[in-house]
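Here is the structure we will look at.
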Amino acid sequence: MGVSLLQGWFPVVLQVVAGIVVMAAVGWRDSRWRRVVPLVGVGAALVTLVAAYPGAKLVGLTDPLPFVVWLWFGVAVGALIVLGAGWRSARWWRRGAAVVAAVLAGVVCANGINQFVGYYPTIDSAVNDWTNTPLPGQVSMSGIARDAGTTKMPAAGRLVAVDIPATYSHFKHRQELVYLPPISFRGAHRPALPVVELIGGERGGPGDWVRLGNAVQVSDAYAHRHHGYAPILVFADATERFDNDTECVNGPRGNSADHLDQDIPRYVEKTFGASRDPRQWAVAGFSMGGTCAIDLVVEHPDVFDHFVDISGDLVPYTSTPAASLHDLYGGNVALEKANEPLLVMRAHGKYTNVDGLFLTSTQELRHQHEAEELSRAAAKAGIWSRVEISPGTHVWQFAAPAFASAYPWLVNQLALPQHEGSHPRPA
């Protein structure tokens, strides 16, 4: 169902129905119950306050959520209190209404968070994700082999799920995805194409850039205008699971960096014949992925020479400086400093062939200031970069068009000048 979860009639109807069921569950009942109802409201409010702060931070919710989210959380708690406090005086249908009310209020609360982050734009996208439905255009490795070497180039690229060996990192990642543009399938010999690794936010999965970032559609559209040519896209898993914020560094949460800069390049080069030249490798990401993009490029210019940082942070960061040091580096200050882009660029000296974009939204003042600071430091280190600020906020609905606007620039950076030879990295 293409019904929007973010706007339109469905979220409104959901709230109205939940409100009606809540009122039916509470009812008016007898005089004793009318004295209990205010206490139920107070209890629900207290639980909501504890959940909002500091309880939210305990589960990783560090950004302030809209008031409506906590309002409906309180309604869900209130419905459960009603169920317990009014069990004896309630008829069977009121008990059932209280259960339904709690569930509906919880759903409204959850969708309020979804509206805030823009993770599931439609009911369809949520159901497909929960049921692990193959993504649009996804084929098997055998399908890739079958389509290769055709005389007629396909109209669109192919998306394939891959199990990349964690030979160097031993990082227990999930299944990842690779997009091969149409030109990959024309003729007997696959061209050595450039590659873009795409990394999502701290809470998500490898398919986010396909489902939410529209990266495949953007690349197919570009390929359609350029005789089937586009880079290979790798939808990487930098976090292993939904609640494991690695910030793409090696540490207690896994060797994410080694997976991204060693496992993936070697696999893609060997399996799909991709270019081995760092000037034809890039990293792009949103939120945590944006932080990863700049960090990976400045730390590993022998692997990646280009980045697109969409709303990333100044440094790899979880919730507080102390928590970041503990969570990401096990308290190792030297390791922390070795992953801070400003310090890395200062220690490295002049870079060559490295460039990138910092993209952020009008509502993200902190990210704007941090992007400017990173860009100034990059210029001093010989890295060309530009900061672009567009209308929006920190959601995928901003990241997707931001990436689409940056894509032609990125492809141009990946294309080597005709007079230059290849400079492959060691195998």
Side-chain angles (χ1 to χ4, degrees), residues 1-2 121-122 124-125 127-129 131-164 175-200 204-237 264 267-269 271-275 280-286 308 310 396-397 399-415:
M1 297 175 65
T122 64
D124 226 9
S125 63
V127 172
N128 289 342
D129 188 34
T131 57
N132 294 316
T133 302
L135 294 160
Q138 185 174 333
V139 299
S140 63
M141 286 295 283
S142 60
I144 291 289
R146 185 174 57 251
D147 291 341
T150 59
T151 55
K152 184 179 180 181
M153 190 163 53
R158 299 288 187 266
L159 185 69
V160 60
V162 292
D163 294 304
I164 299 177
Q175 193 173 59
E176 293 162 303
L177 298 155
V178 172
Y179 163 86
L180 299 173
I183 200 170
S184 296
F185 302 94
R186 187 178 65 182
H189 301 288
R190 179 179 287 142
L193 292 171
V195 180
V196 181
E197 283 190 24
L198 284 151
I199 305 170
D208 289 354
W209 268 109
V210 181
R211 294 187 305 102
L212 306 170
N214 300 324
V216 168
Q217 292 94 317
V218 168
S219 194
D220 273 342
Y222 183 92
H224 182 71
R225 299 191 302 270
H226 294 84
H227 310 289
Y229 175 82
I232 295 171
L233 304 181
V234 181
F235 303 100
D237 181 16
I264 290 177
Y267 176 85
V268 174
E269 289 161 9
T271 306
F272 301 108
S275 171
Q280 292 198 290
W281 277 74
V283 189
F286 167 54
V308 177
I310 305 176
W396 275 103
Q397 286 66 40
F403 175 73
S405 68
Y407 189 79
W409 172 87
L410 184 58
V411 178
N412 285 339
Q413 307 315 112
L414 293 167

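For reference, positions follow the sequence shown, starting with 1. Please read these numbers as outputs of a predicted model, since none were measured by experiment.
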- Item | Glu197: side-chain hydrogen bond (donor to acceptor under 3.5 Å, both in side chains) partners, not counting sequence neighbours | none
- Ignoring hydrogens and geometry, is there a side-chain-to-backbone donor-acceptor pair from Thr271 to Val268 under 3.5 Å? no
- Item | Gln175 side-chain N/O to Val162 backbone N/O, donor-acceptor pair under 3.5 Å | no
For [X] and [Y], work out which heavy atoms get closest and say how close.
X      : Y      : value
Pro181 : Ala230 : CG-O, 3.0 Å
Tyr267 : Asp163 : CE1-O, 4.3 Å
Ala223 : Pro182 : CB-CD, 3.8 Å
Gln280 : Ala192 : OE1-O, 4.2 Å
His227 : Met153 : O-CE, 3.3 Å
Ile164 : Glu176 : CD1-OE1, 3.5 Å

- Query: With ring centroids as reference points, do Trp209 and Phe286 lie under 6.0 angstrom apart?
  - Reply: no
Contact check, side chains of [X] and [Y], non-hydrogen atoms, under 4.5 Å:
X      : Y      : value
Leu180 : Phe272 : yes
Arg158 : Phe185 : yes
Leu193 : Ile183 : yes
Ile232 : Val178 : yes
Val411 : Pro231 : yes
Leu177 : Val160 : no
Tyr229 : Ser184 : no

Please output the side-chain donor-acceptor pairs of residues 210-221 that fall under 3.5 Å, not counting sequence neighbours, one pair per line with the distance.
| from | atom 1 | to | atom 2 | distance (Å) |
| --- | --- | --- | --- | --- |
| Arg211 | NH2 | Tyr119 | OH | 3.3 |
| Arg211 | NH2 | Asp208 | OD1 | 3.0 |
| Ser219 | OG | Tyr407 | OH | 2.8 |
| Asp220 | OD1 | Gly157 | N | 2.8 |
| Asp220 | OD1 | Tyr179 | OH | 2.6 |

- Task: Assess whether side-chain contact (heavy atoms from CB on, under 4.5 Å) is satisfied between Val234 and Val195, documenting all intermediate values.
- Result: CA-CA 7 Å; Val234 181; Val195 180; 3.8 Å; yes
- Query: Can you name the ring-ring contact (aromatic ring centres under 6.0 Å, His included) partners of His226, sequence neighbours left out?
  - Reply: Tyr222
- Item | Non-neighbouring partners of Ala406 that pass side-chain contact (heavy atoms from CB on, under 4.5 Å), sequence neighbours left out | Val308, Leu357, Leu359
